[in-house]
K.L.:
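One structure, pasted below without further comment.
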Amino acid sequence: MTRGTSIHVEDRRSVARLLRRRGAAALASAALLLTGVGAATATTQVTVKNPGGLIAVGPISGDNGFPTYYEDSAHTRVELCLDDTDPLCGFLPGDIPNDSLPISFPDNFPEEAFYMLAGSTLDLPGGGTAVLTLGLEAAFANGVEAGGQMVFARQRLVVKGGPANTTVTLRHPYGAATIDLDGTGSGRLVEDVSPAVGNFTAALAGNIGPFLKWDPATLPAAPAGYLGDPAVEHSVVGSPTGFNQFALTGGGLDLSTDQFTLQGKISTNHGVKADVAVVNGDMLDVFATSAGSDLQVKGVNGVMETTPMLTDPGSNRFYARVHLTGPAPANVTVENISDKPISTSSVPVTAPVGITITQADYDGGNLTVAATSTNGYPLTVVGLGDLPDATAKSFPVGAPPASVTVKNTTGGTATLPVTITGGPASPAALPPVAPAPDPGPVVDSGTGAVATGPQATIVAAAGSVMRGASTTLDGSFSSGATDYAWSQESGTEVTINGANTAKPTVTVPFYAKTTDTAPRTTSPVGPAVIKLTVSGIDADGNPTTNSTTFNLGVVNDNVAIGTARHRLGTELRIDGTSNVPGATGTLTPGTAVVVYDATAGRAVTKLGNVQVDTLGNWTLKLRPGPSRQVGRVLVQSTRGGTAESAVTP
């Protein structure tokens, strides 16, 4: 194994481990590190930044949910290298669940892949090292699953065995940083910009870019179609400042190297984004966006034929009107057949809205709304109530919305800004508090002071977890630890599996259950406070312990009731919405709500269960409904939300 290969493996493994542990912190849009070790001084920081290195993100792939490419300021585009048989993709044994089968999402897909990954190592006197990792990483919040995709830019600098108790400066192609070294000569800095689920433009603000490439003046040349070969060290070009080296100065040292390991696949594809697909009679109007040249709507047997899409040169707009010979499909797929392999994107098929809002006025006490519908009534003013016909209806509110949204039973919506027609001035408020400066990206600023005994450190895979989900806490970064003991101190009750291991799994249970016959009477508020106690031997050889705590936030469902109506002898209908903060994809298992008759003056009784659909809506219909009039309903979600509402006769 060459020295370049060993550096690649070390960097790749360390990045993979840390990102797996930190990935789900995207629910809070930040990597999270809690430690019981004293903090390093303020000189551990990024001192030279590199804004503007990346300028564009491509359409989202319909195959894996990640951007088809990222483009840098030199107009080089790179894509994920997703071929485990291609050594230039840099996959290591174990990265692919089943390396005997092709990569496919989600069943046989890596937990992380790179648009670009560069690494370099400096050998220090006495056997120490300084290691640089620069990457544009595709990862997941909680393992490989739809809805958890995120991309972020990382710079990672780690020094081991350097000059003790001093500060060193490290320079690299994209900037510079200072790092405090402790009594063992160790220190590190990790900057992630910015791990956020589904927010693929956040990485454009990082310090990565333009993409590094093998120096063409130095043989061998880079493999065609790639930035370089990750198994071979080579000089590079691409630094916006012309500094294509990794260097360390300070503590009596002045070292540098121009040798890097580098991987990245140059993209020739353009991807595709399916924008809208609307049914109009026996026609399906499909709209898409791509910089490609040859798009088509994929056919469905017995429903519609595969149909090429039209475009205006240079517009990136594509359109097709497809004749339907059967019921419209739930989703339509657009293919960019000029890409190799073919890229795809899907979009739900919708019906015409058929809603026109004719009035949305607020007079200081009442919000008056009127709307017409081509699809029939009733209409619903979201958050306020029903419109049974085209007649204007007033809703008493103290704080009107900026705009009203009206929806029909087919899922169509229309929105109109609210016009203020009167009302007194609101009382003056206290002077506003000046906002604090933007703290910038999240930075792990090193190991800090030298510990005299075991020190408890928790690295969290997620800062917050929804009910019914799990996360992993990692105590293996605790220095000098020989034994681990995890326990819950307070807060929402959770289950800790592997409480005597370094990496336990913490599960937040569901709240309500569909088997419940009576409503839950308590709902713990606040995070689950988890304690880690480690045991070890101090510098004098004596057994000792150390502990730290971690607040695991619990994400509850923002369940709401939109419509509640009971027409005795005809129908009971309860409509509502479910919104689990931070959940951007389909939840497995799906969220359910349990609905109870909470009419005053009699015992609370269960009316039924209903599943929340993929758009976050739910409806309970009972025909003819209960034999006695329901005056109030209580709704409880399996993911922690509770809501009550009066019922309209």
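Only heavy atoms go into these numbers, but all of them, side chains included; no hydrogens, no water, no symmetry mates.
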K.L.:
Which heavy-atom pair separates Asn108 from Pro102 by the least distance, and what is that distance?
P.N.:
ND2-O, 3.1 Å
K.L.:
Hey, are the side chains of Thr591 and Ser578 touching, using non-hydrogen atoms and a 4.5 Å cut-off?
P.N.:
yes
K.L.:
Could I get the full list of ring pair (Phe, Tyr, Trp, His ring centres under 6.0 Å) partners for Phe66, not counting sequence neighbours?
P.N.:
Phe140
K.L.:
Any donor-acceptor pair under 3.5 Å linking the side chain of Asn269 with the backbone of Gly271?
P.N.:
no
K.L.:
Could I get the full list of side-chain hydrogen bond (donor to acceptor under 3.5 Å, both in side chains) partners for Gln636, not counting sequence neighbours?
P.N.:
none
K.L.:
Not counting sequence neighbours, which residues clear side-chain hydrogen bond (donor to acceptor under 3.5 Å, both in side chains) with Ser637? List them please.
P.N.:
Asp557
K.L.:
Show the nearest heavy-atom pair for residues Phe91 and Glu112, with the distance to one decimal.
P.N.:
CE2-O, 4.1 Å
K.L.:
Indicate yes or no: at least one non-hydrogen side-chain atom of Thr548 is less than 4.5 angstrom from one of Phe550.
P.N.:
no
K.L.:
Does any non-hydrogen side-chain atom of Phe510 lie less than 4.5 Å from one of Pro589?
P.N.:
yes
K.L.:
Just wondering, do Glu493 and Pro509 contact through their side chains at under 4.5 Å, heavy atoms?
P.N.:
no
K.L.:
Is there side-chain contact between Asp275 and Val347, with at least one heavy-atom pair below 4.5 Å?
P.N.:
no
K.L.:
For Glu71, give me all partners under side-chain hydrogen bond (donor to acceptor under 3.5 Å, both in side chains), at least two apart in sequence or on another chain.
P.N.:
His75
K.L.:
Distance check, rounded to the nearest 0.5 Å: Leu607 atom CG versus Ile574 atom CD1?
P.N.:
7.0 Å
K.L.:
Which residues pass the ring pair (Phe, Tyr, Trp, His ring centres under 6.0 Å) test with Tyr70, sequence neighbours left out?
P.N.:
Tyr115
K.L.:
Using side chain to side chain contact (heavy atoms under 4.5 Å, CB included), reason through Val612 and Val593 one step at a time and then give a plain yes or no.
P.N.:
CA-CA 7 Å; Val612 177; Val593 296; 4.3 Å; yes
K.L.:
Does Thr577 use its side chain to pair, donor to acceptor, with the backbone of Gly616 at less than 3.5 Å?
P.N.:
no
K.L.:
When you compare the side chain of Arg467 with that of Thr638, does any pair of heavy atoms fall below 4.5 Å?
P.N.:
no
K.L.:
Is the shortest heavy-atom distance from the side chain of Leu532 to the side chain of Ser547 under 4.5 Å?
P.N.:
no
K.L.:
When rounded to the nearest 0.5 angstrom, what distance separates CG in Leu117 from OG1 in Thr261?
P.N.:
6.5 Å
K.L.:
Considering residues at least two apart in sequence or located in another chain, which fulfil the side-chain hydrogen bond (donor to acceptor under 3.5 Å, both in side chains) criterion with Ser61?
P.N.:
none
K.L.:
Does any N or O in the side chain of Thr507 come within less than 3.5 Å of the main-chain N or O of Thr495, such that one atom is a donor and the other an acceptor?
P.N.:
no
K.L.:
Report yes if some heavy atom in the side chain of Leu262 is under 4.5 Å from a heavy atom in the side chain of Met116; otherwise report no.
P.N.:
yes
K.L.:
Under the side-chain contact (heavy atoms from CB on, under 4.5 Å) test against Thr44, which residue among Thr178, Leu157, Asp180 passes?
P.N.:
Asp180
K.L.:
Whether the side chain of Trp486 engages the backbone of Ile530 through a donor-acceptor N/O pair (distance < 3.5 Å, no angle test) should be reported.
P.N.:
no
K.L.:
Can you name the nearest heavy-atom pair linking Thr514 to Val594, along with the distance?
P.N.:
CA-CG2, 4.2 Å
K.L.:
Short question: side chain of Glu489, backbone of Thr549 - any donor-acceptor pair under 3.5 Å?
P.N.:
no
K.L.:
Could you check whether any side-chain N or O of Asp99 sits under 3.5 Å from a backbone N or O of Ile96, counting only pairs where one atom can act as donor and the other as acceptor?
P.N.:
no
K.L.:
For Gln488 and Val494, indicate whether the former's side chain and the latter's backbone hold a donor-acceptor pair under 3.5 Å.
P.N.:
yes
